[in-house]
Peer 1: 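Have a look at this one before I ask anything.
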Amino acid sequence: MSLDVFNTPEVQDLLKAATNIAGSEGNPRFKQILNRLLSDLFKAIDDLDITPDEVWAGVNYLNQLGRDGEAALLAAGLGLEKFLDVRMDHEDKLAGLDGGTPRTIEGPLYVAGAPVQDGAARIDLDPDTDAGPLVIRGVVRDTSGAPLANAVVECWHANSKGFYSHFDPTGAQTDFNLRGAVRTDSEGKYEFRTLMPVGYGCPPQGATQQLLDALGRHGNRPAHVHLFVSADQQRKLTTQFNIEGDPLIWDDFAYATREALIPPVTDKTGGAELGLKTDAYKEIEF
Ligand code: MBD
Ligand code: FE
């Protein structure tokens with residue numbers, strides 16, 4: 001049963017008034033967007049006969065989401081962030097832009113301000129007995145394939161518990177642990193000396209996990225490393241790679257995995273010369 005009040009003049013006038021759509025004050029773009037979103041919400045309430053109790057449950061949920069500081073986490077979990085990426089990819093394709101390392105989502109856990117170091121950076125500031133050394137290295141190239149000197153590569157990832165510095169619920173990490181920024185050398189090369197991350201899980205008591213539970217979904221991500229790449233005259237790239245072999249690679253609650261973002265992990269020795277804690281280490285070229 002639908003009460004079908006959405007199309008009545010009373011409701012249409014209410015929508016116009018609430019968003020001041022006919023007025024000259026306010027921000028026109030904001031009014032246009034909010035008018036549409038509110039209109040879609042009113043229509044959904046009408047079409048699905050969403051009850052007042054259900055509406056207030058939703059409003060209370062938004063309060064909890066805010067208290068938990070998880071709005072961006074939920075955006076990732078609902079595929080909203082991935083949807084924006086899909087649209088940017090489509091836009092690039094229409095413009096004839098193709099190739100290179102694919103973008104994927106930024107996620108909610110980046111922190112600006114890691115000190116920029118030349119060529120290589122050691123970013124494991126805190127000891128972590130459960131994580132082995134990992135060296136991440138690669139060459140930044142422009143769209144023609146030429147190496148880019150003086151590009152800045154930023155990197156951030158979780159520790160062996162799946163926690164990020166600045167967001168660690170155990171309070172165990174130093175600021176900027178496992179976060180770094182490197183300026184590429186004259187051959188476009190960058191290197192991070194760090195520790196192997198494990199996958200992330202949404203806070204079990206948080207609003208995002210509560211919603212995922214109601215959907216019958218998990219809130220976990222496979223082990224991954226985030227990267228920003230920026231250079232003069234170039235559009236910034238936001239991407240990640242996954243650690244190959246993680247069982248959740250194709251079951252990421254945030255939908256960030258892409259075929260080209262699963263580089264091989266290689267076993268190496270000679271960690272002592274690099275200042276690593278063991279001679280054996282893992283290397284990922286990306
Ligand atoms: C993460 O580490 C992350 O990368 C995303 C997208 C969401 C939650 C935690
Ligand atoms: Fe992440």
Side-chain angles (χ1 to χ4, degrees), residues 64-89 101-114 123-124 126 128 130-131 134 136 153-170 172-173 175-181 192 194-213 215 217-229 236-258 260-263 265 284 286:
Q64 192 58 51
L65 186 67
R67 278 196 287 270
D68 293 344
E70 290 190 358
L73 184 60
L74 182 63
L78 289 179
L80 172 60
E81 195 172 4
K82 173 65 179 183
F83 177 63
L84 299 178
D85 265 13
V86 169
R87 293 193 79 252
M88 284 191 279
D89 273 3
T101 303
R103 66 160 58 81
T104 193
I105 64 170
E106 173 180 333
L109 304 177
Y110 171 71
V111 176
I123 62 171
D124 56 317
D126 296 333
D128 186 337
D130 296 331
L134 169 66
I136 300 162
V153 181
E154 292 173 271
C155 150
W156 68 105
H157 65 81
N159 67 6
S160 68
K161 310 291 173 287
F163 297 142
Y164 286 73
S165 61
H166 297 84
F167 300 94
D168 189 327
T170 70
Q173 296 184 61
D175 281 359
F176 292 105
N177 186 42
L178 310 181
R179 299 174 183 273
F192 291 102
T194 188
L195 298 171
M196 189 60 89
V198 307
Y200 171 91
C202 288
Q205 307 307 324
T208 301
Q209 190 57 56
Q210 183 196 330
L211 181 145
L212 293 170
D213 287 346
L215 295 174
R217 289 181 50 195
H218 71 72
N220 301 316
R221 300 206 59 211
H224 61 279
V225 173
H226 297 265
L227 299 158
F228 281 154
V229 185
K236 176 174 155 181
L237 172 67
T238 300
T239 193
Q240 305 176 24
F241 60 78
N242 287 117
I243 307 299
E244 78 172 355
D246 191 304
L248 287 181
I249 278 199
W250 293 108
D251 191 15
D252 176 5
F253 100 104
Y255 310 103
T257 305
R258 303 184 71 157
L261 302 179
I262 314 170
V265 179
I284 291 176
F286 186 70

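Computed from a prediction, not measured in an experiment: that's the story for all the values here. Counting convention: from 1, in listed order, for ligands and their atoms alike. The chain is numbered in sequence order, starting from 1.
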Peer 1: For Ile249, does its backbone N or O pair with a side-chain atom of Asn242 as donor and acceptor, under 3.5 Å?
Peer 2: no
Peer 1: Give me the residue, atom name and distance of the protein heavy atom closest to atom 2 (O) of ligand 1.
Peer 2: Tyr164 OH, 2.8 Å
Peer 1: Pick one of side chain, backbone, both or neither for how Glu81 approaches ligand 1, counting any non-hydrogen atom pair under 4.0 Å.
Peer 2: neither
Peer 1: If I take every N, O or S atom of His157, is at least one of them less than 2.8 Å from the Fe ion (ligand 2)?
Peer 2: no
Peer 1: Which class fits the ring pair Tyr200 and Phe253: parallel under 30°, tilted 30 to 60°, perpendicular over 60°?
Peer 2: parallel
Peer 1: Kindly give the heavy-atom pair with the smallest separation between Ile105 and His226, and that separation in Å.
Peer 2: O-ND1, 4.2 Å
Peer 1: Within the distance-only criterion (no hydrogens, no angle test), does the side chain of Asp130 pair as donor or acceptor with the backbone N or O of Ser160 below 3.5 angstrom?
Peer 2: no
Peer 1: Taking both backbone and side-chain atoms of Gln240, is any N or O found less than 3.5 Å from an N or O belonging to ligand 1?
Peer 2: no
Peer 1: I need the atoms of ligand 1 closer than 4.0 Å to a non-hydrogen atom of Leu73, numbered in the order shown.
Peer 2: 7 (C), 8 (C)
Peer 1: If I take the Fe ion (ligand 2) as the centre, what angle separates the NE2 atom of His224 from the NE2 atom of His226? Nearest 10 degrees is fine.
Peer 2: 100°
Peer 1: Under a 4.0 Å heavy-atom limit, does His226 contact ligand 1 with its side chain, its backbone, both, or neither?
Peer 2: side chain
Peer 1: Should the heavy atoms of other residues, nucleotides or ligands under 6.0 Å from CZ of Arg67 be counted, would the total exceed 12?
Peer 2: yes
Peer 1: Specify the protein heavy atom at minimum distance from atom 7 (C) of ligand 1: its residue, its atom name, and the distance to 0.1 Å.
Peer 2: Pro108 CD, 3.4 Å
Peer 1: Taking only heavy atoms of Ile105, which atoms of ligand 1 are found under 4.0 Å from at least one of them?
Peer 2: 6 (C)
Peer 1: What atoms of ligand 1 come within less than 4.0 Å of a heavy atom belonging to Leu109?
Peer 2: 1 (C), 2 (O), 9 (C)
Peer 1: Would you compute the distance between atom CZ of Phe286 and atom CD1 of Ile136 and round it to the nearest 0.5 angstrom?
Peer 2: 10.0 Å
Peer 1: Give me the nearest non-hydrogen protein atom to atom 3 (C) of ligand 1 as residue plus atom name, then the distance to 0.1 Å.
Peer 2: Arg221 NH1, 3.2 Å
Peer 1: Look at Tyr164 and state whether any of its N, O or S atoms is less than 2.8 Å from the Fe ion (ligand 2).
Peer 2: yes
Peer 1: Between the side chains of His218 and Asp251, does any donor sit under 3.5 Å from an acceptor?
Peer 2: yes
Peer 1: Determine, considering heavy atoms only, which of Tyr255, Phe163, Tyr200 sits nearest to atom 9 (C) of ligand 1.
Peer 2: Tyr200
Peer 1: Please determine which of Asp89, Asp85, Thr104 meets the side chain to side chain donor-acceptor pair (under 3.5 Å) test together with Arg258.
Peer 2: Asp89
Peer 1: A quick test of your reading: do over 12 heavy atoms of other residues, nucleotides or ligands sit less than 6.0 Å from CZ of Phe167?
Peer 2: yes
